[in-house]
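Note sheet for the following structure.
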Amino acid sequence: MEEVTKDELVSISMQVILHAGNARELVFQAVNKASEADFEEANQLIKQANDEVGTAHQAQTNMLQKEAEGIDIPYSPLFGHAQDTLMTVKTEINMMQEMIKLYKELKG
């Protein structure tokens, strides 16, 4: 039976955490730019954050597809943490986009 090794799972988990963390950093920079009324830069940073989340999401999805194909995936608290981090960052991006809209109304 085919299976994902623990090393592979650690590597995928770290990719998810890395890209989600990059997205978090970018989205907070975007809000800071919006607070300075630099909305063009804020929009660019949001786009970059979404690209990072997309990369993290793809890594996660690849692992879930393997499980759906019947490939055995060992239990990993690190992978669970990676998924939790990704979900949290996606929520933060949505919230920060709403904050940027508010800054536009106040300063735009």
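As the structure is a computational prediction, the values presented were derived from the model and not from experiment.
Counting only heavy atoms from C-beta outward, the side chains of T88 and R24 approach each other to under 4.5 Å. Using a 4.5 Å cut-off on side-chain heavy atoms (C-beta onward), T55 and D51 make no contact. When side chains are defined from C-beta on, L78 counts as touching I17, because their heavy atoms get closer than 4.5 Å.
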Just do the side chain to side chain contact (heavy atoms under 4.5 Å, CB included) check on Q58 and H19 with the steps written out, would you? CA-CA 11 Å; Q58 188 60 53; H19 290 288; over 6 Å; no
In residues 63-74, what donor-acceptor pairs under 3.5 Å come from side-chain atoms, sequence neighbours left out?
none

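For the atom pair CG of L102 and CE of M99, the computed distance is 7.5 Å after rounding to the nearest 0.5 Å. Put simply, OH on Y103 and CD on E98 are 14.0 Å apart, with the number rounded to the nearest 0.5 Å. Expressed to the nearest 0.5 Å, how far CD of Q97 lies from CG of N43 amounts to 9.0 Å. With values rounded to the nearest 0.5 angstrom, Q15 atom CD is found 4.5 Å from I12 atom CD1. Interatomic distance, L18 CG to T85 OG1, rounded to the nearest 0.5 Å: 11.5 Å. From E41, atom CD reaches atom CD of E36 across 10.0 Å, with rounding to the nearest 0.5 Å.
Residues A82 and S13 come closest through the heavy atom pair CB-O, 3.5 Å. Contact between K6 and Y75 at its shortest, heavy atoms only, is NZ-O, 4.0 Å. Across all their heavy atoms, A34 and I100 have their closest contact at CB-CG1, 3.8 Å. Across all non-hydrogen atoms, the minimal contact from Q83 to Q60 is CG-OE1, 3.0 Å. The nearest pair of heavy atoms linking A20 to A56 is N-CB, 4.0 Å. In this structure, A30 and A42 approach most closely via the heavy-atom pair O-CB, 3.4 Å.
The other members of the hydrophobic cluster of L45, by chain and number, are L26 (side-chain heavy atoms under 4.5 Å, ILVMFWY only).
Hydrophobic clustering places F28 together with V53 (ILVMFWY residues linked when any side-chain heavy atoms are closer than 4.5 Å, directly or through intermediates).
Surrounding CD of Q44 are at most 12 heavy atoms belonging to other residues, nucleotides or ligands under 6.0 Å away.
Without hydrogens or angle criteria, S11 side chain to D7 main chain gives no donor-acceptor distance under 3.5 Å.
Side-chain polar atoms of Q48 and E52 form no donor-acceptor pair below 3.5 angstrom.
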